[in-house]
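Below: one structure, written as C-alpha coordinates.
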Amino acid sequence: MLEGDVSVLNIKHTILTEVARLAYEGKLEEGRDKLPYEISPGPKARFRCCVFREREVVKERIRLAEGLDARPDSKTHNLVQVIEAACDDCQISRYTVTDNCRGCLQHNCRSACKFGAITIGKGGRSYIDPSLCKECGACARECPYNAIAELVRPCKQSCPTGAITMDENGICVIDEEKCVQCGRCVHACPFGAIGTKTSIVDIIKAMQSGKHVYAMVAPAWEGQFGPQITMASWKKAMKAIGYEDCYEVALGGDLTAYYEAEEWAEAYKEGKKLTTSCCPGFVSYIKKHFPEFKDNISTTVSPMCAMSRMIKAKDPGAVVVFIGPCVAKKNEVRDSELEGNADYALSFGEIRAMMRAKGVMLEPAENSTQEASKFGKRFGNTAGVTAAVVESLKEQGVDPEGINVTVCSGLEECKKALTLWKFGKWDGDFIEGMACVGGCVGGPSSHKKENLAKKDRDKLIAEADERNVKEAIEKENIDVNSFSMHKH
(Lines give C-alpha, C1' and ligand atoms only; values in the text may rest on other atoms or scores of the structure.)
Protein backbone atom coordinates (compact mmCIF):
# COMPACT_ATOMS: atom_id res chain seq x y z
CA MET A 1 0.00 0.00 0.00
CA LEU A 2 2.84 2.38 0.85
CA GLU A 3 4.60 2.36 -2.50
CA GLY A 4 8.00 3.72 -3.45
CA ASP A 5 9.64 6.39 -1.33
CA VAL A 6 8.89 6.18 2.40
CA SER A 7 9.28 9.93 2.91
CA VAL A 8 7.23 11.85 5.45
CA LEU A 9 4.98 13.29 2.73
CA ASN A 10 4.38 9.92 1.10
CA ILE A 11 3.39 8.34 4.43
CA LYS A 12 1.15 11.28 5.32
CA HIS A 13 -0.59 11.40 1.93
CA THR A 14 -1.07 7.63 1.82
CA ILE A 15 -2.84 7.71 5.19
CA LEU A 16 -5.00 10.69 4.21
CA THR A 17 -5.97 9.02 0.93
CA GLU A 18 -6.87 5.72 2.59
CA VAL A 19 -8.93 7.43 5.30
CA ALA A 20 -10.77 9.41 2.60
CA ARG A 21 -11.35 6.24 0.55
CA LEU A 22 -12.76 4.38 3.54
CA ALA A 23 -14.99 7.35 4.40
CA TYR A 24 -16.33 7.56 0.84
CA GLU A 25 -17.03 3.81 0.88
CA GLY A 26 -18.68 3.95 4.30
CA LYS A 27 -16.12 1.48 5.66
CA LEU A 28 -14.13 3.69 8.03
CA GLU A 29 -15.32 1.98 11.20
CA GLU A 30 -14.28 -1.48 10.02
CA GLY A 31 -11.20 -0.40 8.08
CA ARG A 32 -9.62 1.96 10.61
CA ASP A 33 -8.00 -0.76 12.73
CA LYS A 34 -6.68 -2.69 9.73
CA LEU A 35 -5.00 0.31 8.13
CA PRO A 36 -1.84 0.37 10.32
CA TYR A 37 -1.15 -3.27 9.42
CA GLU A 38 -1.76 -2.63 5.72
CA ILE A 39 0.63 0.33 5.68
CA SER A 40 3.22 -1.44 7.84
CA PRO A 41 2.67 -5.19 7.23
CA GLY A 42 6.08 -6.27 8.60
CA PRO A 43 7.94 -8.29 9.56
CA LYS A 44 10.64 -5.76 8.69
CA ALA A 45 10.22 -2.06 9.41
CA ARG A 46 10.42 0.39 6.49
CA PHE A 47 10.54 3.83 8.08
CA ARG A 48 10.99 3.35 11.85
CA CYS A 49 13.02 1.21 14.23
CA CYS A 50 10.36 -1.50 14.29
CA VAL A 51 6.93 -2.28 12.86
CA PHE A 52 5.31 -1.65 16.24
CA ARG A 53 6.56 1.95 16.24
CA GLU A 54 5.50 2.34 12.61
CA ARG A 55 1.98 1.18 13.38
CA GLU A 56 1.70 3.50 16.36
CA VAL A 57 2.71 6.46 14.18
CA VAL A 58 0.08 5.45 11.62
CA LYS A 59 -2.58 5.15 14.33
CA GLU A 60 -1.90 8.67 15.55
CA ARG A 61 -1.95 10.02 12.00
CA ILE A 62 -5.28 8.27 11.34
CA ARG A 63 -6.75 10.01 14.39
CA LEU A 64 -5.57 13.38 13.08
CA ALA A 65 -7.03 12.53 9.66
CA GLU A 66 -10.37 11.98 11.38
CA GLY A 67 -10.15 15.37 13.07
CA LEU A 68 -9.37 13.87 16.49
CA ASP A 69 -6.49 14.49 18.88
CA ALA A 70 -3.43 12.42 17.98
CA ARG A 71 -3.77 10.45 21.22
CA PRO A 72 -6.96 9.56 23.13
CA ASP A 73 -5.31 10.71 26.37
CA SER A 74 -4.11 14.01 24.89
CA LYS A 75 -3.99 16.96 27.27
CA THR A 76 -4.12 19.43 24.39
CA HIS A 77 -6.78 20.15 21.82
CA ASN A 78 -4.56 22.37 19.72
CA LEU A 79 -5.03 22.24 15.95
CA VAL A 80 -1.31 21.52 15.45
CA GLN A 81 -0.31 18.43 17.42
CA VAL A 82 2.75 16.33 18.18
CA ILE A 83 2.72 12.70 17.04
CA GLU A 84 4.55 11.41 20.08
CA ALA A 85 5.39 8.00 18.61
CA ALA A 86 7.36 9.77 15.87
CA CYS A 87 9.09 12.32 18.09
CA ASP A 88 12.03 10.35 19.45
CA ASP A 89 14.98 10.61 17.11
CA CYS A 90 16.16 14.19 17.61
CA GLN A 91 19.25 15.21 19.52
CA ILE A 92 18.13 16.18 23.03
CA SER A 93 21.20 18.26 23.89
CA ARG A 94 21.44 21.64 22.23
CA TYR A 95 25.26 21.62 22.30
CA THR A 96 27.29 18.59 21.31
CA VAL A 97 30.97 17.87 20.77
CA THR A 98 31.79 16.92 17.17
CA ASP A 99 34.71 15.02 15.66
CA ASN A 100 36.49 18.35 15.18
CA CYS A 101 37.56 18.11 18.83
CA ARG A 102 41.35 17.77 18.80
CA GLY A 103 41.71 16.89 22.48
CA CYS A 104 43.78 20.00 23.11
CA LEU A 105 45.52 20.66 26.42
CA GLN A 106 44.02 24.09 26.98
CA HIS A 107 40.42 22.87 27.43
CA ASN A 108 38.91 26.32 26.93
CA CYS A 109 35.49 24.72 26.74
CA ARG A 110 35.71 23.29 30.25
CA SER A 111 37.06 26.56 31.64
CA ALA A 112 34.19 28.50 30.03
CA CYS A 113 31.49 26.25 31.50
CA LYS A 114 30.16 27.59 34.80
CA PHE A 115 27.94 24.59 35.47
CA GLY A 116 30.44 21.73 35.49
CA ALA A 117 28.78 20.15 32.47
CA ILE A 118 32.02 19.44 30.58
CA THR A 119 34.44 16.65 31.41
CA ILE A 120 37.51 15.47 29.55
CA GLY A 121 37.47 11.89 28.38
CA LYS A 122 39.78 9.48 26.62
CA GLY A 123 42.29 11.13 24.33
CA GLY A 124 41.50 14.51 25.82
CA ARG A 125 38.13 14.70 24.05
CA SER A 126 35.47 16.84 25.70
CA TYR A 127 32.08 15.51 26.73
CA ILE A 128 28.98 17.56 27.59
CA ASP A 129 26.59 16.13 30.19
CA PRO A 130 23.09 17.09 28.94
CA SER A 131 21.67 16.86 32.47
CA LEU A 132 24.01 19.64 33.65
CA CYS A 133 24.21 21.77 30.50
CA LYS A 134 22.26 25.05 30.70
CA GLU A 135 22.63 25.70 26.96
CA CYS A 136 24.40 29.04 27.49
CA GLY A 137 26.73 28.45 24.54
CA ALA A 138 29.89 29.65 26.32
CA CYS A 139 31.79 26.45 25.48
CA ALA A 140 30.99 26.72 21.77
CA ARG A 141 32.19 30.32 21.66
CA GLU A 142 35.49 29.49 23.37
CA CYS A 143 36.46 26.38 21.37
CA PRO A 144 39.34 27.33 18.98
CA TYR A 145 38.39 24.54 16.56
CA ASN A 146 34.63 25.26 16.44
CA ALA A 147 34.23 21.66 17.55
CA ILE A 148 31.09 22.25 19.60
CA ALA A 149 27.98 22.46 17.45
CA GLU A 150 24.73 24.12 18.37
CA LEU A 151 21.94 21.77 17.36
CA VAL A 152 18.55 23.42 17.61
CA ARG A 153 15.71 21.08 16.78
CA PRO A 154 14.19 21.92 13.37
CA CYS A 155 10.70 22.33 14.83
CA LYS A 156 11.90 24.72 17.53
CA GLN A 157 14.09 26.63 15.09
CA SER A 158 11.19 27.08 12.66
CA CYS A 159 8.74 28.42 15.25
CA PRO A 160 8.53 32.24 15.06
CA THR A 161 6.63 32.60 18.35
CA GLY A 162 8.74 30.50 20.73
CA ALA A 163 5.87 28.08 21.26
CA ILE A 164 7.96 24.90 21.12
CA THR A 165 9.87 23.37 24.02
CA MET A 166 10.84 19.81 25.01
CA ASP A 167 9.66 17.80 28.00
CA GLU A 168 11.90 15.74 30.28
CA ASN A 169 11.81 12.87 27.77
CA GLY A 170 12.84 15.04 24.85
CA ILE A 171 9.32 15.03 23.33
CA CYS A 172 8.22 18.21 21.61
CA VAL A 173 5.62 20.29 23.49
CA ILE A 174 3.57 23.05 21.84
CA ASP A 175 2.43 25.92 24.05
CA GLU A 176 -1.15 26.72 23.03
CA GLU A 177 -0.89 30.18 24.58
CA LYS A 178 1.91 31.08 22.16
CA CYS A 179 1.09 28.97 19.08
CA VAL A 180 -0.60 30.88 16.24
CA GLN A 181 -1.14 27.75 14.09
CA CYS A 182 1.13 29.07 11.32
CA GLY A 183 2.13 25.49 10.48
CA ARG A 184 5.84 26.05 9.93
CA CYS A 185 6.80 23.32 12.39
CA VAL A 186 4.65 20.75 10.57
CA HIS A 187 6.89 20.70 7.53
CA ALA A 188 10.09 21.56 9.38
CA CYS A 189 10.14 18.27 11.31
CA PRO A 190 12.17 15.74 9.26
CA PHE A 191 10.56 12.84 11.12
CA GLY A 192 6.96 13.89 10.46
CA ALA A 193 6.33 14.16 14.19
CA ILE A 194 4.00 17.17 13.94
CA GLY A 195 0.68 17.16 12.12
CA THR A 196 -2.64 18.94 12.01
CA LYS A 197 -6.18 17.77 12.46
CA THR A 198 -8.07 17.44 9.19
CA SER A 199 -11.76 17.65 8.30
CA ILE A 200 -11.83 15.17 5.42
CA VAL A 201 -14.14 12.69 7.17
CA ASP A 202 -16.60 15.34 8.37
CA ILE A 203 -16.79 16.84 4.86
CA ILE A 204 -17.46 13.48 3.24
CA LYS A 205 -20.16 12.73 5.83
CA ALA A 206 -21.78 16.09 5.05
CA MET A 207 -21.80 15.20 1.34
CA GLN A 208 -23.28 11.77 2.02
CA SER A 209 -26.00 13.27 4.21
CA GLY A 210 -27.30 15.22 1.23
CA LYS A 211 -26.07 18.66 2.26
CA HIS A 212 -24.90 21.13 -0.37
CA VAL A 213 -21.13 21.27 0.18
CA TYR A 214 -19.28 24.02 -1.69
CA ALA A 215 -15.54 24.29 -2.29
CA MET A 216 -13.71 27.57 -2.61
CA VAL A 217 -10.07 27.81 -3.61
CA ALA A 218 -7.62 30.34 -2.15
CA PRO A 219 -6.07 32.99 -4.43
CA ALA A 220 -2.74 31.20 -4.03
CA TRP A 221 -3.89 28.26 -6.18
CA GLU A 222 -2.91 29.84 -9.50
CA GLY A 223 0.42 28.46 -10.67
CA GLN A 224 0.59 25.73 -8.03
CA PHE A 225 -0.34 22.96 -10.45
CA GLY A 226 1.01 24.26 -13.76
CA PRO A 227 -0.16 26.79 -16.38
CA GLN A 228 -2.86 24.49 -17.82
CA ILE A 229 -4.71 23.97 -14.54
CA THR A 230 -7.39 26.66 -14.43
CA MET A 231 -10.48 27.49 -12.39
CA ALA A 232 -12.44 25.38 -14.86
CA SER A 233 -10.15 22.46 -13.94
CA TRP A 234 -10.97 22.96 -10.27
CA LYS A 235 -14.72 23.21 -10.82
CA LYS A 236 -14.79 19.96 -12.78
CA ALA A 237 -12.66 18.05 -10.25
CA MET A 238 -14.56 19.32 -7.22
CA LYS A 239 -17.94 18.37 -8.65
CA ALA A 240 -16.54 14.92 -9.49
CA ILE A 241 -15.69 14.24 -5.83
CA GLY A 242 -18.99 15.45 -4.40
CA TYR A 243 -18.93 19.23 -4.12
CA GLU A 244 -21.94 21.20 -5.31
CA ASP A 245 -19.76 23.87 -6.93
CA CYS A 246 -16.38 25.58 -6.59
CA TYR A 247 -15.65 29.28 -6.25
CA GLU A 248 -12.62 31.55 -6.46
CA VAL A 249 -11.78 33.10 -3.06
CA ALA A 250 -9.98 35.87 -4.96
CA LEU A 251 -13.46 37.34 -5.43
CA GLY A 252 -13.65 37.47 -1.64
CA GLY A 253 -10.35 39.36 -1.86
CA ASP A 254 -12.08 41.99 -3.99
CA LEU A 255 -14.88 42.23 -1.43
CA THR A 256 -12.45 42.52 1.48
CA ALA A 257 -10.35 45.15 -0.32
CA TYR A 258 -13.35 47.29 -1.19
CA TYR A 259 -14.77 47.36 2.34
CA GLU A 260 -11.39 47.57 4.03
CA ALA A 261 -10.68 50.63 1.88
CA GLU A 262 -13.73 52.33 3.40
CA GLU A 263 -12.44 51.43 6.86
CA TRP A 264 -8.91 52.66 6.06
CA ALA A 265 -10.22 55.98 4.76
CA GLU A 266 -12.25 56.58 7.92
CA ALA A 267 -9.39 55.52 10.22
CA TYR A 268 -6.88 57.70 8.37
CA LYS A 269 -9.19 60.68 8.75
CA GLU A 270 -9.43 60.02 12.51
CA GLY A 271 -5.71 59.35 12.90
CA LYS A 272 -6.25 55.75 13.96
CA LYS A 273 -3.70 53.12 12.93
CA LEU A 274 -4.97 49.76 11.60
CA THR A 275 -3.69 46.33 10.64
CA THR A 276 -5.08 44.03 8.00
CA SER A 277 -7.31 41.12 9.01
CA CYS A 278 -7.08 38.65 6.13
CA CYS A 279 -4.24 36.48 7.53
CA PRO A 280 -5.45 34.43 10.53
CA GLY A 281 -1.89 33.68 11.61
CA PHE A 282 -1.13 37.40 11.83
CA VAL A 283 -4.42 38.16 13.59
CA SER A 284 -3.75 35.40 16.13
CA TYR A 285 -0.19 36.70 16.59
CA ILE A 286 -1.48 40.15 17.54
CA LYS A 287 -4.09 38.75 19.93
CA LYS A 288 -1.60 36.48 21.70
CA HIS A 289 1.64 38.44 21.56
CA PHE A 290 0.62 42.09 21.12
CA PRO A 291 -2.87 42.21 22.69
CA GLU A 292 -2.61 45.97 23.16
CA PHE A 293 -3.24 46.30 19.40
CA LYS A 294 -6.25 43.96 19.32
CA ASP A 295 -8.65 46.85 18.72
CA ASN A 296 -6.52 48.09 15.82
CA ILE A 297 -7.20 44.99 13.71
CA SER A 298 -9.46 45.77 10.76
CA THR A 299 -13.04 44.68 11.37
CA THR A 300 -13.46 43.73 7.72
CA VAL A 301 -13.68 39.96 7.40
CA SER A 302 -11.16 37.86 5.49
CA PRO A 303 -11.76 36.85 1.85
CA MET A 304 -12.57 33.32 3.05
CA CYS A 305 -15.28 34.59 5.39
CA ALA A 306 -16.61 37.04 2.77
CA MET A 307 -17.03 34.27 0.19
CA SER A 308 -18.58 31.92 2.72
CA ARG A 309 -21.15 34.52 3.73
CA MET A 310 -21.90 35.20 0.07
CA ILE A 311 -22.45 31.48 -0.65
CA LYS A 312 -24.61 31.03 2.46
CA ALA A 313 -26.67 34.09 1.55
CA LYS A 314 -27.54 32.34 -1.74
CA ASP A 315 -27.91 28.86 -0.21
CA PRO A 316 -28.73 29.09 3.54
CA GLY A 317 -28.12 25.37 4.10
CA ALA A 318 -24.69 25.41 2.48
CA VAL A 319 -21.59 23.80 3.99
CA VAL A 320 -18.52 25.72 2.83
CA VAL A 321 -14.98 24.35 2.54
CA PHE A 322 -11.89 26.52 2.04
CA ILE A 323 -8.96 25.01 0.12
CA GLY A 324 -5.46 26.48 0.16
CA PRO A 325 -1.87 26.34 1.39
CA CYS A 326 -2.71 27.73 4.84
CA VAL A 327 -2.78 25.86 8.16
CA ALA A 328 -3.99 28.88 10.17
CA LYS A 329 -7.22 28.99 8.13
CA LYS A 330 -8.22 25.80 9.96
CA ASN A 331 -8.02 27.79 13.15
CA GLU A 332 -10.02 30.67 11.68
CA VAL A 333 -12.96 28.37 10.94
CA ARG A 334 -12.99 27.42 14.63
CA ASP A 335 -13.50 31.07 15.62
CA SER A 336 -17.06 31.10 16.94
CA GLU A 337 -17.15 34.91 16.82
CA LEU A 338 -17.07 34.89 13.01
CA GLU A 339 -20.64 34.05 12.12
CA GLY A 340 -21.14 32.68 8.63
CA ASN A 341 -17.49 31.80 8.11
CA ALA A 342 -16.35 28.69 6.23
CA ASP A 343 -17.21 25.46 8.03
CA TYR A 344 -13.99 23.63 7.16
CA ALA A 345 -10.55 24.33 5.72
CA LEU A 346 -8.38 21.88 3.80
CA SER A 347 -4.80 22.06 2.60
CA PHE A 348 -3.86 21.34 -1.00
CA GLY A 349 -2.50 17.98 0.17
CA GLU A 350 -5.79 17.08 1.87
CA ILE A 351 -7.99 17.96 -1.11
CA ARG A 352 -5.68 15.94 -3.36
CA ALA A 353 -6.11 12.98 -1.00
CA MET A 354 -9.87 13.27 -1.50
CA MET A 355 -9.33 13.35 -5.26
CA ARG A 356 -7.02 10.31 -5.22
CA ALA A 357 -9.58 8.41 -3.15
CA LYS A 358 -12.11 8.94 -5.95
CA GLY A 359 -9.65 8.51 -8.82
CA VAL A 360 -10.01 12.15 -9.90
CA MET A 361 -7.27 14.48 -11.12
CA LEU A 362 -7.00 18.16 -11.94
CA GLU A 363 -7.11 18.16 -15.73
CA PRO A 364 -6.00 20.94 -18.10
CA ALA A 365 -8.84 23.23 -19.18
CA GLU A 366 -9.27 26.53 -20.98
CA ASN A 367 -8.70 29.56 -18.76
CA SER A 368 -12.12 31.01 -19.46
CA THR A 369 -13.65 31.16 -15.97
CA GLN A 370 -12.86 34.41 -14.19
CA GLU A 371 -14.65 35.60 -11.07
CA ALA A 372 -12.17 38.07 -9.57
CA SER A 373 -10.07 41.02 -10.61
CA LYS A 374 -6.30 40.77 -10.91
CA PHE A 375 -6.12 42.64 -7.62
CA GLY A 376 -8.18 39.94 -5.90
CA LYS A 377 -6.08 37.26 -7.55
CA ARG A 378 -2.90 38.86 -6.17
CA PHE A 379 -4.28 38.90 -2.64
CA GLY A 380 -2.12 35.88 -1.85
CA ASN A 381 1.14 37.71 -2.59
CA THR A 382 3.07 39.98 -0.26
CA ALA A 383 1.80 43.55 -0.79
CA GLY A 384 -1.18 42.17 -2.75
CA VAL A 385 -3.64 43.27 -0.06
CA THR A 386 -2.19 46.77 0.00
CA ALA A 387 -2.35 47.06 -3.80
CA ALA A 388 -6.01 45.97 -3.81
CA VAL A 389 -6.99 48.36 -1.00
CA VAL A 390 -5.15 51.29 -2.61
CA GLU A 391 -6.93 50.52 -5.91
CA SER A 392 -10.26 50.44 -4.06
CA LEU A 393 -9.51 53.79 -2.42
CA LYS A 394 -8.97 55.29 -5.87
CA GLU A 395 -12.19 53.74 -7.16
CA GLN A 396 -14.04 55.30 -4.23
CA GLY A 397 -12.59 58.72 -5.01
CA VAL A 398 -10.11 58.77 -2.12
CA ASP A 399 -6.57 59.93 -2.83
CA PRO A 400 -4.19 57.40 -1.21
CA GLU A 401 -1.27 59.82 -1.45
CA GLY A 402 0.31 60.25 1.95
CA ILE A 403 -0.99 57.00 3.42
CA ASN A 404 1.99 55.11 4.84
CA VAL A 405 1.64 51.32 4.72
CA THR A 406 4.18 48.92 6.23
CA VAL A 407 4.17 45.59 4.40
CA CYS A 408 5.34 42.64 6.51
CA SER A 409 6.32 39.37 4.87
CA GLY A 410 6.52 36.69 7.57
CA LEU A 411 5.97 36.87 11.32
CA GLU A 412 9.54 38.01 11.92
CA GLU A 413 8.83 41.23 10.01
CA CYS A 414 5.43 41.51 11.71
CA LYS A 415 7.16 41.29 15.09
CA LYS A 416 9.59 44.04 14.15
CA ALA A 417 6.83 46.43 13.02
CA LEU A 418 4.60 45.73 16.01
CA THR A 419 7.51 46.12 18.44
CA LEU A 420 8.40 49.52 16.93
CA TRP A 421 4.75 50.51 17.23
CA LYS A 422 4.64 49.35 20.85
CA PHE A 423 7.56 51.60 21.75
CA GLY A 424 6.28 54.56 19.74
CA LYS A 425 8.90 54.27 17.02
CA TRP A 426 6.64 53.29 14.08
CA ASP A 427 5.35 56.22 12.06
CA GLY A 428 3.11 54.32 9.63
CA ASP A 429 -0.66 54.32 9.24
CA PHE A 430 -1.42 50.71 8.36
CA ILE A 431 0.30 47.32 8.60
CA GLU A 432 -0.26 44.58 6.05
CA GLY A 433 0.72 41.48 7.98
CA MET A 434 1.32 38.04 6.49
CA ALA A 435 2.45 35.15 8.71
CA CYS A 436 4.22 33.45 5.80
CA VAL A 437 7.18 34.83 3.90
CA GLY A 438 5.95 35.82 0.45
CA GLY A 439 2.34 35.85 1.61
CA CYS A 440 -0.13 33.00 1.18
CA VAL A 441 1.80 31.72 -1.84
CA GLY A 442 4.56 30.86 0.64
CA GLY A 443 2.16 28.96 2.88
CA PRO A 444 3.34 25.81 4.68
CA SER A 445 1.02 23.54 2.68
CA SER A 446 1.88 24.90 -0.76
CA HIS A 447 2.11 22.28 -3.48
CA LYS A 448 5.03 24.16 -5.03
CA LYS A 449 7.47 26.63 -3.53
CA GLU A 450 6.72 30.25 -4.36
CA ASN A 451 9.69 30.69 -6.70
CA LEU A 452 8.85 27.51 -8.63
CA ALA A 453 5.20 28.50 -9.10
CA LYS A 454 5.79 32.17 -9.92
CA LYS A 455 6.18 31.86 -13.70
CA ASP A 456 2.99 29.79 -14.11
CA ARG A 457 1.15 32.01 -11.64
CA ASP A 458 2.09 35.18 -13.51
CA LYS A 459 1.04 33.61 -16.81
CA LEU A 460 -2.42 32.58 -15.54
CA ILE A 461 -3.13 35.92 -13.88
CA ALA A 462 -1.93 37.81 -16.97
CA GLU A 463 -4.69 36.07 -18.96
CA ALA A 464 -7.39 37.64 -16.76
CA ASP A 465 -9.25 40.70 -18.05
CA GLU A 466 -8.71 44.19 -16.67
CA ARG A 467 -11.87 44.55 -14.56
CA ASN A 468 -11.26 46.61 -11.45
CA VAL A 469 -12.25 45.66 -7.90
CA LYS A 470 -15.70 47.27 -8.00
CA GLU A 471 -16.42 45.85 -11.47
CA ALA A 472 -15.51 42.34 -10.28
CA ILE A 473 -18.08 42.62 -7.50
CA GLU A 474 -20.73 44.05 -9.82
CA LYS A 475 -20.11 41.45 -12.56
CA GLU A 476 -20.99 38.65 -10.16
CA ASN A 477 -24.25 40.40 -9.18
CA ILE A 478 -23.33 40.18 -5.51
CA ASP A 479 -25.97 41.54 -3.19
CA VAL A 480 -23.75 42.89 -0.42
CA ASN A 481 -26.85 43.89 1.54
CA SER A 482 -27.66 40.20 2.06
CA PHE A 483 -24.57 39.62 4.23
CA SER A 484 -22.16 41.64 6.37
CA MET A 485 -18.56 42.38 5.49
CA HIS A 486 -17.59 43.05 9.09
CA LYS A 487 -16.81 40.83 12.06
CA HIS A 488 -19.47 42.23 14.35
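Salt bridge absent: Glu177 and Lys288 never bring a charged side-chain N and a carboxylate O closer than 4.0 Å. Ionic pairing of Lys197 and Asp69 is present here: one or more N-O contacts between side-chain nitrogen and carboxylate oxygen are shorter than 4.0 angstrom. A salt bridge does not link Glu391 to Arg378: none of the charged side-chain nitrogens sits closer than 4.0 Å to a carboxylate oxygen. The pair Arg63-Glu60 does not meet the salt-bridge criterion, since no charged nitrogen lies less than 4.0 angstrom from a carboxylate oxygen.
Under the salt bridge (charged side-chain N to carboxylate O under 4.0 Å, His left out) criterion, Arg184 pairs with Glu412, sequence neighbours left out. With sequence neighbours left out, the salt bridge (charged side-chain N to carboxylate O under 4.0 Å, His left out) criterion links Glu176 to no other residue. Residues satisfying the side chain to side chain contact (heavy atoms under 4.5 Å, CB included) criterion with Ala250, sequence neighbours excluded, are Pro219, Glu248, Ala372, Lys377. In this structure, the side-chain hydrogen bond (donor to acceptor under 3.5 Å, both in side chains) partners of Asp465, at least two apart in sequence or on a different chain, are Gln370, Arg467. In terms of the ring-ring contact (aromatic ring centres under 6.0 Å, His included) criterion, residue partners of Phe225 (sequence neighbours excluded) are, by chain and number, Trp234, Phe348, His447. Under the rule for a salt bridge (charged side-chain N to carboxylate O under 4.0 Å, His left out), Lys205 has no partner lying at least two apart in sequence or in another chain. Phe430 meets the ring-ring contact (aromatic ring centres under 6.0 Å, His included) test with Trp264; sequence neighbours excluded. Partners of Asn331 by side-chain hydrogen bond (donor to acceptor under 3.5 Å, both in side chains), not counting sequence neighbours: none found. Qualifying salt bridge (charged side-chain N to carboxylate O under 4.0 Å, His left out) partners for Asp295, counting only residues two or more places apart in sequence or in other chains: none. Here Ser392 pairs with nothing under the side-chain hydrogen bond (donor to acceptor under 3.5 Å, both in side chains) rule; sequence neighbours left out. For Asp429, there are no side-chain hydrogen bond (donor to acceptor under 3.5 Å, both in side chains) partners at least two apart in sequence or on another chain.
The stretch residues 304-317 participates, sequence neighbours left out, in these side-chain hydrogen bond (donor to acceptor under 3.5 Å, both in side chains) pairs: His212-Asp315, Tyr214-Asp315, Lys312-Asp343.
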